[in-house]
Amino acid sequence: MAMASVEGLEGLSLARLALTLGVSKSGLFTHWPDKQHLQLAIVEHATRQWTELIVAPALARPRGVRRLWALHEQRLGFYEAETLPGGCFFAAVQHEFDDWPGPVHDAIAQALVDWLALLRQVAVQAGELGELRPETDPEQLAFEINALGEAVVTHLRLMPGGSHGLLHSRRAVLDRLRALSTDPSLLPSLSSLSNLTETENAS
């Protein structure tokens with residue numbers, strides 16, 4: 001999965017993996033009979049990692065806007081910690097397989113569908129709790145939060161001073177949530193993000 005976050009799934013093969021791991025190719029065939037099975041196993045593992053490191057900690061937060069903010073913040077923390085050498089497995093493979101129908105395409109697409117559905121569900125719950133304004137569109141909000149998370153990967157990997165993308169993404173989502181929230185005090189202030197960034201730069 002770490003290799004695929006840099007090279008993509010098509011760049012991997014059982015022979016390449018065996019060479020990297022220092023094991024025999026025949027030994028790997030006992031786990032994955034062909035390249036497609038290997039790719040599907042990697043997608044499954046990446047989904048499990050996303051759930052364990054991003055979703056589960058966020059769901060421990062109180063329901064409502066705080067949980068919605070936590071999902072975005074955990075995602076950015078995952079990128080900030082450089083958990084994977086390529087930044088984000090899903091960002092690397094989504095564009096690789098978006099026009100390539102088949103089981104691997106479907107598995108990657110399902111992971112995105114599930115993530116958007118979770119964001120939407122948490123937004124709906126926030127509305128039911130009265131923490132979001134009645135006119136809030138949960139599906140639109142989920143799309144925006146996801147898009148602002150995806151943008152961070154490009155900035156971190158490609159743009160000079162890409163770490164500023166983390167702050168811009170945090171500010172954008174937090175500003176959106178505070179504007180839609182019936183009680184903005186449930187969320188961090190925008191100034192607290194700026195102060196945190198200044199402290200990090202000073203250190």
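Just so you know, these numbers use all the heavy atoms, side chains as well, and skip hydrogens, waters and symmetry mates.
For the side chain to side chain donor-acceptor pair (under 3.5 Å) test, no residue two or more places apart in sequence or in another chain qualifies with Gln36. Take Pro85 and apply the side chain to side chain contact (heavy atoms under 4.5 Å, CB included) test, not counting sequence neighbours, and it matches Ala2, Ser5, Val6. Qualifying ring-ring contact (aromatic ring centres under 6.0 Å, His included) partners for Phe97, counting only residues two or more places apart in sequence or in other chains: Trp100. Partners of Trp50 under the ring-ring contact (aromatic ring centres under 6.0 Å, His included) rule, at least two apart in sequence or in another chain, are Phe90, Trp115.
Minimum interatomic distance between Ile42 and Ala4 (heavy atoms only, all atoms of both residues): CG2-CB, 4.5 Å.
Within a 6.0 Å radius of CD in Glu82, other residues, nucleotides and ligands contribute 12 heavy atoms or fewer.
Under the 4.5 Å side-chain heavy-atom criterion for Ile, Leu, Val, Met, Phe, Trp and Tyr, Leu9 and Met3 are members of the same hydrophobic cluster.
The side-chain heavy atoms of Val55 and Leu59, taken from C-beta on, include a pair separated by under 4.5 Å.
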Note to self: Applying side chain to side chain contact (heavy atoms under 4.5 Å, CB included) to Gln125 and Leu68, what does each step give before you reach the verdict?
What the structure shows: CA-CA 10 Å; Gln125 291 174 347; Leu68 197 53; over 6 Å; no
Considering only distance and modelled atom types, tabulate donor-acceptor pairs under 3.5 Å from the side chains of residues 179-187, sequence neighbours left out.
{"from": "Ser181", "atom 1": "OG", "to": "Glu131", "atom 2": "O", "distance (Å)": "3.3"}
{"from": "Ser181", "atom 1": "OG", "to": "Asp183", "atom 2": "N", "distance (Å)": "3.0"}
{"from": "Ser181", "atom 1": "OG", "to": "Asp183", "atom 2": "O", "distance (Å)": "3.2"}
{"from": "Thr182", "atom 1": "OG1", "to": "Gly130", "atom 2": "O", "distance (Å)": "2.5"}
{"from": "Asp183", "atom 1": "OD1", "to": "Ser185", "atom 2": "N", "distance (Å)": "3.3"}
{"from": "Asp183", "atom 1": "OD1", "to": "Ser185", "atom 2": "OG", "distance (Å)": "2.5"}
{"from": "Asp183", "atom 1": "OD2", "to": "Ser185", "atom 2": "OG", "distance (Å)": "3.4"}

Which pairs would a plain distance check flag for residues 104-111, meaning a side-chain donor or acceptor within less than 3.5 Å of a matching protein atom at least two apart in sequence or in another chain?
{"from": "Gln110", "atom 1": "NE2", "to": "Asp114", "atom 2": "OD1", "distance (Å)": "2.8"}

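Salt bridge status for Glu80 with Arg170: present, with a side-chain N to carboxylate O gap under 4.0 Å.
Counting only N and O atoms by type, the side chains of Arg75 and His72 include no donor and acceptor under 3.5 Å apart.
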